[in-house]
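Lettering follows sequence order; numbering is per chain, from 1. The figures here come from the full heavy-atom set of this structure, side chains too, leaving out hydrogens, waters and symmetry mates.
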Amino acid sequence: MKRLFIIKENLKILVKNLKKECDEFIAPKREHLDDIIFGDTKVDGGELLEYEGNSVISPRAFLLPQSEPLFEIKSARESDLVPIQDKKRRIFYGVRPCDIKALALMRRFFLDAVVDVPYQEKMEHSIFIALACNTLCSAEAFCCELDAGPVAQEGFDLQLVAGENGFLVDVGTKKGKHIVEGHKTLFTNAPARDAKQANALFKDMAKGCRRIDYKKVAQAMRDNKVAESVWDDIALRCVVCSGCTTLCPTCSCFRVVDRLSHGKGVRLRYCDGCPYAGFTRMAGDNAPLPLHKDHIRRFFEHKLNVDVARYGAPSCVGCARCIRTCPGNISIRKFIEAVAGQTKAE
Amino acid sequence: MQNSYLPQKAVIEDIIQESPDTKTFTLSLSGDKADSILKYKPGQFLMLSLPGYGEAPFTFASLPDPNGGFQISVRRIGALTKALHTLKIKAIVGVRGPYGNTFPLAKMKHKDLLFVAGGCGIAPLRSLIQYALKQRKAYGKIEIIYGCRTPKDRFYKEEMELWEKNKDTQTHLTVDEPDPTWHGERGVVCVLFPKIKLNPKTSFVFLCGPAIMIKFAIRDLLKLGFREENIYASLERHMQCGTGKCGHCYIKDKYVCRDGPNFSYSEMKQLEIES
């Protein structure tokens with residue numbers, strides 16, 4: 001991978017130019033409550049070229065929104081249905097490596113077997129510019145244990161690594177290369193000193209990082225070695241607020257509903273959450289999983305067991321958003337550590 | 001690439017009041033996707049839409065007819081099915097599919113077949129029964145066990161009379177709550193198991209019905225010596241997409257919509273489910 005360099009002044013120019021080349025420039029900005037969230041800054045500006053920590057909500061919200069139309073219902077009576085195409089060119093700027101990894105996991109899922117066309121369309125026309133982390137965003141974050149930070153390995157078109165006088169630039173894909181070639185004069189070759197400094201920083205950040213054998217964790221879950229009392233405790237503390245599934249950058253479950261007015265409208269999909277009792281309930285109130293602990297268990301099973309069986313790796317990126325938001329103080333990290341500790345003891 | 005969530009139009013050609021709460025709809029298809037839908041195999045399902053009321057999975061309850069039609073049986077149980085029951089002939093609905101797997105059509109050839117259905121669970125098995133009866137000589141003995149709540153809840157009465165008349169096909173019926181017209185057996189499907197004359201070691205069994213029926217029928221069939229790898233159940237789960245994306249139906253690493261809905265009992269054991 002070729003490493004380039006861009007000084008801060010040139011990055012401002014690049015962003016200004018890129019805004020002209022897209023329909024939405026989705027970047028981190030400060031909201032009125034001082035939180036960092038992603039939003040379209042193409043017209044209003046306000047994007048942060050650098051920032052501490054991570055956004056409250058991951059950029060997932062722009063690819064799998066809380067609700068999105070699947071098609072238009074021109075006439076409910078005649079079943080006249082018209083596809084809705086989303087060909088907006090989106091540039092995502094400043095996405096943290098954990099969220100870059102989450103997007104890659106979600107892309108793999110949505111494009112696997114039967115392709116999810118609404119998602120694919122959005123991905124095709126999107127460009128992702130990652131921004132590596134210089135500090136750990138919170139005490140709960142454990143991205144480095146999941147190879148999801150502090151620097152992204154793949155899944156980005158361009159990656160910026162902040163240095164003293166500017167940013168190191170990693171080119172990840174053809175789309176990234178195309179940006180660099182289109183704005184050649186803004187980039188120089190990476191100074192050896194900055195590259196060295198960055199590598200030393202990442203090494204330092206990864207120092208305290210424990211290596212967890214996720215295949216063993218998955219196997220323990222598959223073998224039902226997690227004590228029932230653990231699931232009982234989690235169920236007791238889960239108040240079904242769905243904060244975890246709402247903020248998780250890899251959660252993708254959805255429900256489909258129709259919204260009609262005078263016989264016309266849309267079919268929507270909106271984000272759903274496995275902790276809800278209705279998630280697995282069928283018509284006639286037939287529920288294969290009647291207990292609350294079975295519902296919340298699905299969250300852990302899906303990420304740490306099922307996806308390891310399906311794809312060979314867990315679908316958790318260690319961003320810790322679920323941990324920080326949980327009113328019951330349920331921690332997926334503590335859960336992993338407990339199961340990993342248990343397998344080690346064996 | 002076309003949006004896989006977009007249904008195509010189907011026309012209701014016929015409606016049969018099957019039981020007090022169930023109607024069988026004959027649907028016909030036209031349009032460019034008609035052929036791919038009509039290539040469905042027994043045991044597969046489709047997603048049926050009524051704009052404004054949503055979408056739900058329904059199993060194909062018949063083989064495709066030569067006119068490009070097929071049947072589904074719909075029990076009035078939720079908002080969508082209530083709305084479907086109000087529709088008249090020539091009404092238009094949306095369909096997409098086929099989804100899911102079929103039964104082990106190759107493995108079951110030349111074998112004895114046992115069908116065990118409870119209530120509307122006869123619907124997915126009917127397409128397989130029709131499939132087997134269509135090439136009757138390719139199979140050994142066929143026995144059909146069907147139980148329902150009351151005699152009025154029995155589906156496909158005329159067709160079942162034809163099955164009963166068929167000398168090389170045995171049909172056994174039972175109801176939970178008999179009425180004065182009923183002179184047959186009483187009780188759950190398992191009460192009919194002593195009548196089974198098939199060789200349990202080599203027969204294939206196909207089950208569909210309420211969760212509790214599947215659980216206890218499998219238990220009793222195993223006791224009779226039927227092999228767990230030859231017992232297949234058609235399972236029901238909450239589904240919103242049919243394509244393995246919505247996340248509602250998965251059990252461990254299997255999607256019921258994509259890897260099922262038909263699983264052998266050996267597979268069910270791996271998934272740690274009984275129904």
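Contacts of D112(A) with chain B are made by both backbone and side-chain atoms, with heavy-atom separations under 4.5 Å. Of the atoms belonging to I251(B), not a single heavy atom falls under 4.5 Å from chain A. In this structure, chain B has heavy atoms under 4.5 Å from both the backbone and the side chain of V115(A). Interface residue L70(A): backbone and side-chain heavy atoms are both found under 4.5 Å from chain B. For R75(B), no part lies near chain A; criterion is any non-hydrogen pair under 4.5 Å. In this structure, chain B has heavy atoms under 4.5 Å from both the backbone and the side chain of R255(A). Both the backbone and the side chain of E236(B) come within contact range of chain A, judged by heavy atoms closer than 4.5 Å. Using a 4.5 Å cut-off between heavy atoms, P288(A) contacts chain B through its side chain alone, with no backbone atom that close. The contact between N286(A) and chain B is made entirely by side chain atoms (from C-beta outward), counting heavy-atom distances below 4.5 Å. For R298(A), the parts sitting under 4.5 Å from any heavy atom of chain B are the backbone and the side chain alike. Heavy atoms closer than 4.5 Å to chain B are found nowhere in V257(A), neither backbone nor side chain.
The residue among A76(A), S79(A), C274(A) with the most heavy atom pairs within less than 4.5 Å of chain B is S79(A). In terms of heavy-atom pairs under 4.5 Å with chain A, the best-connected choice from S4(B), G94(B), P7(B) is P7(B). Annotation: maximal heavy-atom pairing with chain B below 4.5 Å, among Q120(A), M221(A), R77(A), R281(A), occurs at R281(A). For the set A10(B), G78(B), S49(B), the entry with the most heavy-atom pairs within less than 4.5 Å of chain A is S49(B). Contact count versus chain A (heavy atoms, under 4.5 Å) is highest, among A56(B), A79(B), C246(B), A91(B), for C246(B). Of the listed residues L289(A), N224(A), D285(A), V82(A), the one with more heavy-atom pairs under 4.5 angstrom with chain B than any other is N224(A). Comparing V308(A), I84(A), D80(A), D307(A) by how many heavy-atom pairs each has under 4.5 Å with chain B, the most go to D80(A).
In this structure, the separation between CG on D116(A) and SG on C241(B) is 8.5 Å, given to the nearest 0.5 Å. The structure places CG of D272(A) at 7.0 Å from CD of Q240(B), a figure rounded to the nearest 0.5 Å. Between the CG atom in L81(A) and the NZ atom in K9(B) there is a gap of 8.0 Å [rounded to 0.5 Å]. Note: F279(A) CZ to C249(B) SG = 9.0 Å, rounded to the nearest 0.5 Å. Taking CG of N305(A) as the reference point, atom CG of D253(B) lies at 8.0 Å (rounded to 0.5 Å). Atoms CD and CZ, from E272(B) and R222(A) in turn, are 11.0 Å apart once rounded to the nearest 0.5 Å.
In this model, a donor atom of one side chain and an acceptor atom of the other lie less than 3.5 Å apart for Y255(B) and R310(A). No side-chain donor-acceptor contact under 3.5 Å links Q85(A) and N3(B).
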Exercise. Might you work through the side-chain contact (heavy atoms from CB on, under 4.5 Å) test for L6(B) and R267(A), ending with a clear yes or no?
Key: CA-CA 10 Å; L6(B) 192 72; R267(A) 174 160 294 170; over 6 Å; no

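Atom NZ of K175(A) has more than 12 heavy atoms from other residues, nucleotides or ligands within 6.0 Å. Counting non-hydrogen atoms of other residues, nucleotides and ligands closer than 6.0 Å to NZ of K41(B) gives a total of 12 or fewer. More than 12 heavy atoms of other shown residues, nucleotides or ligands fall within 6.0 angstrom of atom CZ in F109(A). Remark: R89(A) CZ is packed, more than 12 non-hydrogen atoms of other residues, nucleotides or ligands lying under 6.0 Å away.
Taking 4.0 Å as the cut-off between side-chain N and carboxylate O, E301(A) and K252(B) do not count as a salt-bridged pair.
K245(B) forms no cation-pi arrangement with F254(A), by the criterion of a distance under 6.0 Å to the ring centre and an angle within 45° of the ring axis.
By a heavy-atom distance cut of under 4.5 Å, not one residue of residues 205-215 of chain B is near chain A. Applying a 4.5 Å heavy-atom cutoff, none of the residues of residues 98-108 of chain A approach chain B.
Ring pair Y250(B)/H302(A): centre-to-centre distance below 6.0 Å.
With H248(B) contributing its side chain and T280(A) its backbone, the two residues share no donor-acceptor pair below 3.5 Å.
Here the closest non-hydrogen pair linking D258(A) and G52(B) is OD2-N, 2.7 Å.
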